[in-house]
Undergrad: 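Here it is, the structure, as structure tokens.
Here is the naming used below: chain letters follow the sequence lines, and residue numbers restart at 1 for every chain.
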Amino acid sequence: MLVLAYTKNSKVSLAVEAFDRAGNYRFGLSILSCNPLLSALVKKKDIGNTENVYKEMIRRRIEPNLITFNTMINGLCKAGKLNKAGDLVEDMKAWGISPSVITYNTLIDGYCKMGKAGKMYKADALLKEMISKNIVANEVTFNILIDGYCKDENVVAATKLFEELKNRQDLVPSVITYNSIINGLCHQGELDKALSLQKEMLASNVKPNVVTYNVLIDGFCKNGMLKEAHEVFDSMAGQGITPTYITYNTLINAYCKDGEMQEAIHLHDSMSLVRDVRPDDVSTYNCLISGFCREGNKEGASEILDEMKEKGVRADLITYNILIGALCREGESRKAVKLLNEMLEIGLHPSHVTYNMLIDGYCREGKLATALNMRTRMEKDGRKANVVTYNVLIKGQCQKGKMQEANGLLNEMLEKGLVPNRITYDIIRDEMMEKGFVPDIDGHLYGGV
DNA sequence: TTAGGGTTAG
């Protein structure tokens, strides 16, 4: 009972401890406590403990049910462990449990959100497999695929599914469907189409929500139409929609990127006048710090940091990343490493972004050996080198004229199954080919050059 | 089980 009580009170680590103790004292633990605990751990993105609790459940012969498997598969997908998630589908069958529409939706979403080429092909294959097993796709299935195609910059495929959904007798598009497709259109710069879909929502009795407005505001901002973005923002009140801190962050960030720090600060100040909007979220401060750093205004940035301290708002991973990035770009990698150590001291786990910026910082200063040491440190910290890491290192080697070393890194990256992106090709073209060096790597790379 | 903002390489 203790496990469930702690889980319900969001005391997840205490719940895990109670779960462990329950094993030793042989207290009865039922699936009714285990499933919520697994679900809470997944929500906390604590995949390590999620997997441990699951293994322990099996060891203690607590029989998993459909919800257990769906929760586990969701957790593994969110952690990017798609293969393990697939294995669990086989496990559940062995337990005599058939995958449900939720199982398939979860897996399809996992593939949709994976950053790999051809992921939508895999997602579509899963959809076909699901249909072949007479499991009927629901509105969520459509939403997941529509969003996946939009993020894959294939709005045509997304629109096709959207039309299919509208033609179905048993299903209707929801606000989430519309938001996904409006977001996709915004990213393609098709603001007119996005706005007409917003009108279509009203005609179909689907009420736009704050996300709809956030997406439109961001769309206008990212297409350099700040005035129009502000107009959408101003129109919210008339529709009875209250902006959230995300709405403000979107606009504040756009003004920061436009170099209009005055307007950004003004917006931040005005947040405190709106009911239910917290002006002291760390993410809003991050927008402002990033804005000041971008224009090289150190005083501005430290004023914001001081204000955060005054108000008791703690810097997070992204705050540190912004500051580390700024120092690295200014050739102050040593100071940046001090911040890296500081974040470790206060218990913040540096991300790929943190390490990649530091590696890039050293490369910019021509300190290639130190850059490679930083990669070692990164991997010791459990962050595997990714495409950005290799791009940065390859460029660093090229700029020092070390073409064989650059080529070696390129091969290494391909051997690890990392997929080169547009920037990799730009580096090869601009740095390698330009210097008359022909990359001595296997054929599949040339397709994109 | 699904949608929105803030940090990296050009």
Undergrad: When Ser333(A) is tested against each of Glu365(A), Lys367(A), Lys338(A) for side chain to side chain donor-acceptor pair (under 3.5 Å), which residue passes?
TA: Glu365(A)
Undergrad: Looking at residues at least two apart in the chain, or sitting in another chain, which of them share a ring-ring contact (aromatic ring centres under 6.0 Å, His included) with Phe233(A)?
TA: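 With neighbours one apart ignored, the set is His230(A), Tyr248(A).
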Undergrad: From dT1(B), dT8(B), dG6(B), pick the nucleotide closest to the side chain of Asn253(A)?
TA: dG6(B)
Undergrad: OP1 or OP2 of dT2(B) less than 4.0 angstrom from a side-chain nitrogen or oxygen of Lys78(A), does that happen here?
TA: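 Indeed, a polar side-chain atom of Lys78(A) lies that close.
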Undergrad: When you get a sec, tell me which of dG4(B), dT7(B), dT8(B) is the closest nucleotide to the side chain of Ile246(A)?
TA: dG4(B)
Undergrad: Look at all strands and tell whether Asn421(A) reaches a base, only sugar-phosphate, or nothing, counting heavy atoms closer than 4.0 Å.
TA: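 Base, at least one base heavy atom under 4.0 Å.
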Undergrad: Is atom CD1 of Ile67(A) surrounded by more than 12 heavy atoms (other residues, nucleotides or ligands) closer than 6.0 Å?
TA: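 Not more than 12 within 6.0 Å, no.
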Undergrad: Rounded to whole angstroms, how far apart are CD1 on Ile359(A) and P on dT8(B)?
TA: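 In whole Å, dT8(B) P lies 15 Å from Ile359(A) CD1.
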Undergrad: What is the distance, to the nearest angstrom, from the CG atom on Asp109(A) to the P atom on dA3(B)?
TA: 6 Å
Undergrad: Taking OP1 and OP2 of dG4(B), is either one under 4.0 Å from a side-chain nitrogen or oxygen of Lys222(A)?
TA: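 So the side chain of Lys222(A) is outside the cut-off, no N or O lying under 4.0 Å from OP1 or OP2 of dG4(B).
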Undergrad: Ignoring the backbone of Arg294(A), work out which of dA9(B), dT7(B), dT2(B) is nearest its side chain.
TA: dT7(B)
Undergrad: What salt bridge (charged side-chain N to carboxylate O under 4.0 Å, His left out) pairs are there with at least one residue in residues 286-303 of chain A, not counting sequence neighbours?
TA: Lys298(A)-Glu330(A)
Undergrad: Which part of the nucleic acid, if any, lies within reach of Ile322(A) when heavy atoms closer than 4.0 Å are counted: base, sugar-phosphate only, or nothing?
TA: sugar-phosphate
Undergrad: Give DNA chain B the dot-bracket treatment, 5' to 3': Watson-Crick (N1-N3 with N6-O4 or O6-N4) or G-U (N1-O2, O6-N3) under 3.5 Å, [ ] crossing, | other strand.
TA: ..........
Undergrad: Consider the side chain of Arg364(A), meaning its heavy atoms from C-beta on, and name the nucleotide among dG6(B), dG10(B), dA3(B) that approaches it most closely.
TA: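 It is dG10(B).
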Undergrad: dG10(B), OP1 or OP2 - any side-chain N/O from Arg429(A) closer than 4.0 Å?
TA: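 No, because none of the side-chain N or O atoms of Arg429(A) sits under 4.0 Å from OP1 or OP2 of dG10(B).
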Undergrad: How long is the line joining CD1 of Ile394(A) and P of dA9(B), in whole Å?
TA: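 Result: 16 Å.
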Undergrad: Rounded to the Å, how far apart are Asn356(A) CG and dG10(B) P?
TA: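 That distance rounds to 12 Å.
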Undergrad: Counting any heavy atom closer than 4.0 Å, what does Val215(A) reach on the DNA or RNA strands: base, sugar-phosphate only, or nothing?
TA: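 Here Val215(A) touches the backbone only, sparing every base.
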Undergrad: Sequence neighbours excluded, which residues qualify as ring-ring contact (aromatic ring centres under 6.0 Å, His included) partners of Tyr285(A)?
TA: His268(A)
Undergrad: Between dT2(B), dT8(B), dT7(B), spot the one nearest the side chain of Ile144(A), thanks.
TA: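 Closest nucleotide to the Ile144(A) side chain: dT2(B).
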Undergrad: Sequence neighbours excluded, which residues qualify as ring-ring contact (aromatic ring centres under 6.0 Å, His included) partners of His187(A)?
TA: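 Partners of His187(A) under the ring-ring contact (aromatic ring centres under 6.0 Å, His included) test: none.
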Undergrad: Step by step, work out the ring pair (Phe, Tyr, Trp, His ring centres under 6.0 Å) result for Tyr178(A) and Phe162(A).
TA: CA-CA 9 Å; Tyr178(A) 276 100; Phe162(A) 183 50; 5.3 Å; yes
Undergrad: Quickly work out the Ile73(A) CD1 to dT2(B) P distance and round it to whole Å.
TA: 14 Å
Undergrad: Could one point to a donor on the side chain of Asn391(A) or the base of dG10(B) with an acceptor on the other under 3.5 Å away?
TA: no
Undergrad: Test of understanding: with side chain to side chain contact (heavy atoms under 4.5 Å, CB included), list the residues that count as partners of Lys416(A), not counting sequence neighbours.
TA: Glu379(A), Tyr390(A), Glu412(A), Leu418(A)
Undergrad: Over all strands shown, is Tyr245(A) touching base, sugar-phosphate only, or nothing at heavy-atom distances under 4.0 angstrom?
TA: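 Result for Tyr245(A) = base.
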Undergrad: Under 4.0 Å, counting only non-hydrogen atoms across every strand here, what does Val140(A) touch: a base, just sugar-phosphate, or nothing?
TA: base
Undergrad: Just to be sure I understand the rule, does Val210(A) reach a base, reach only the sugar-phosphate, or reach nothing, if contact means heavy atoms closer than 4.0 Å?
TA: base
Undergrad: Under 4.0 Å between a side-chain N or O of Arg329(A) and OP1 or OP2 of dT8(B)?
TA: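 Looking at the OP1 and OP2 atoms of dT8(B), one of them is under 4.0 Å from a side-chain N or O of Arg329(A).
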Undergrad: With respect to the side chain of Thr244(A), which nucleotide from dT8(B), dG4(B), dA3(B) is positioned closest?
TA: dG4(B)
Undergrad: Write down the distance between CZ (Phe142(A)) and P (dT1(B)), rounded to a whole number of angstrom.
TA: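 Atom CZ in Phe142(A) sits about 20 Å away from atom P in dT1(B).
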Undergrad: To the nearest angstrom, how far is Leu323(A) atom CG from dG6(B) atom C1'?
TA: 13 Å
Undergrad: Calculate the interatomic distance between Asn35(A) atom CG and dT1(B) atom C1'; express it in whole Å.
TA: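 Distance check: Asn35(A) CG to dT1(B) C1' gives 15 Å.
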Undergrad: How about NZ on Lys435(A), more than 12 heavy atoms from neighbouring residues, nucleotides or ligands closer than 6.0 Å, or not?
TA: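 Counting other residues, nucleotides and ligands, NZ of Lys435(A) exceeds 12 neighbours.
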Undergrad: Under 4.0 Å, counting only non-hydrogen atoms across every strand here, what does Thr389(A) touch: a base, just sugar-phosphate, or nothing?
TA: nothing
Undergrad: Can you find an N or O donor on one side and an acceptor on the other, under 3.5 Å apart, linking the side chain of Asn249(A) with the base of dG6(B)?
TA: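 No.
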Undergrad: Among the candidates dT2(B), dG6(B), dA3(B), find the nucleotide nearest to the side-chain atoms of Asn143(A).
TA: dT2(B)
Undergrad: Does Lys395(A) make a side-chain N or O approach to OP1 or OP2 of dT8(B) shorter than 4.0 Å?
TA: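 Negative; the distance criterion is not met.
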